[in-house]
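Bear in mind that the values here come from a model prediction, so they are computed numbers and not experimental data.
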Amino acid sequence: MNRLFKLLFSLLQPKPQSPTIESYGQTNNNLPDEQIKAVMEWLFASLLNAGYKGRAHVIWYDDTQPDSSLKDAVRIGIWRDEPTFLYRCGNRVQSTPDGYYWRMMNEHPSTRIYQLEVSSE
């Protein structure tokens with residue numbers, strides 16, 4: 001019931017006129033602020049270039065310091081049908097819910113940014 005309430009509440013909120021990016025786990029990694037800023041700017045520019053004007057989500061995932069609350073962040077993006085990205089701070093990406101996978105965004109030179117995609121199988 002709580003999940004349904006959150007979904008309905010999010011649907012009733014007005015849509016932004018430009019992209020907004022919700023960030024999860026950003027303070028739990030050891031990345032320099034300049035690197036975080038560069039990734040956020042790149043994601044924002046990519047969303048603008050795609051003509052997207054809604055909310056998106058970015059998860060900063062470090063497999064050496066797993067944070068179980070980040071799985072909820074993935075679910076939020078799925079429930080709201082909003083773009084969800086992951087920045088791999090460590091060696092591995094976070095596991096995904098059944099029916100989804102992380103697609104590496106080769107457009108970014110770091111090869112550490114992934115977008116959550118629906119599996120075709």
**Request:** Output the distance between atom OG1 (Thr84) and atom CZ (Arg55), rounded to the nearest 0.5 Å.
**Result:** 11.0 Å
**Complete:** Ser46 meets the side chain to side chain donor-acceptor pair (under 3.5 Å) criterion, sequence neighbours left out, with none
**Request:** Would you please name every residue forming a salt bridge (charged side-chain N to carboxylate O under 4.0 Å, His left out) with Glu117, sequence neighbours left out?
**Result:** Arg103
**Message:** Per the side-chain hydrogen bond (donor to acceptor under 3.5 Å, both in side chains) rule, what does the pair list look like for residues 63-76, sequence neighbours excluded?
**Reply:** Asn28-Asp67, Asp62-Thr64, Asp67-Ser69, Lys71-Ser95, Asp72-Arg75
**Item:** Modelled atom types, side-chain donor and acceptor of Arg88 and Tyr61, under 3.5 Å
**Value:** no
**Prompt:** Can you find a heavy atom in the side chain of Ile113 that is under 4.5 Å from one in the side chain of Leu86?
**Reply:** no
**Item:** Heavy-atom pair with the smallest gap, counting every atom of Gly77 and His57
**Value:** CA-CD2, 3.7 Å
**Request:** Identify, with sequence neighbours excluded, every residue that meets side-chain contact (heavy atoms from CB on, under 4.5 Å) alongside Pro97.
**Result:** Val74, Ile78, Tyr100
**Message:** Please determine whether side chain to side chain contact (heavy atoms under 4.5 Å, CB included) holds for the pair Asn30 and Cys89, giving the CA-CA distance in whole Å, both sets of side-chain angles, and the decisive distance to 0.1 Å.
**Reply:** CA-CA 8 Å; Asn30 295 322; Cys89 301; over 6 Å; no
**Asked** Heavy-atom distance under 4.5 Å between the side chains of Val118 and Tyr101, does that happen here?
**Response** no
**Message:** When you compare the side chain of Val58 with that of Glu22, does any pair of heavy atoms fall below 4.5 Å?
**Reply:** no
**Request:** Would you list the pairs meeting salt bridge (charged side-chain N to carboxylate O under 4.0 Å, His left out) in which at least one residue belongs to residues 90-102, sequence neighbours left out?
**Result:** none
**Prompt:** Between Val39 and Met105, is there a shared hydrophobic cluster once you connect ILVMFWY residues whose side-chain heavy atoms come closer than 4.5 Å?
**Reply:** yes
**Message:** Membership question, hydrophobic clusters at under 4.5 Å side-chain separation (ILVMFWY): are Tyr24 and Leu116 in the same one?
**Reply:** yes
**Message:** Going by side chain to side chain donor-acceptor pair (under 3.5 Å), name the residues that satisfy it together with Arg112, two or more places apart in sequence or in a different chain.
**Reply:** none
**Prompt:** Considering residues at least two apart in sequence or located in another chain, which fulfil the side-chain contact (heavy atoms from CB on, under 4.5 Å) criterion with Phe44?
**Reply:** Pro19, Ile21, Leu48
**Same apolar cluster: Tyr52 and Tyr114, side chain cutoff 4.5 Å** = no
**Message:** Less than 4.5 Å apart, side chain to side chain, heavy atoms only: is that true for Leu70 and Trp60?
**Reply:** no
**Prompt:** How would you list, by chain and number, every residue that makes a side chain to side chain donor-acceptor pair (under 3.5 Å) with His108, sequence neighbours excluded?
**Reply:** Ser110
**Asked** Do Phe85 and Ile59 come within less than 4.5 Å of each other through their side chains, counting heavy atoms only?
**Response** no
**Message:** Taking side chain to side chain donor-acceptor pair (under 3.5 Å) as the definition, give me every residue that meets it alongside Trp102, ordered by chain and number, with sequence neighbours left out.
**Reply:** none
**Complete:** side-chain hydrogen bond (donor to acceptor under 3.5 Å, both in side chains) pairs touching residues 33-43, sequence neighbours excluded, are Gln35-Tyr87
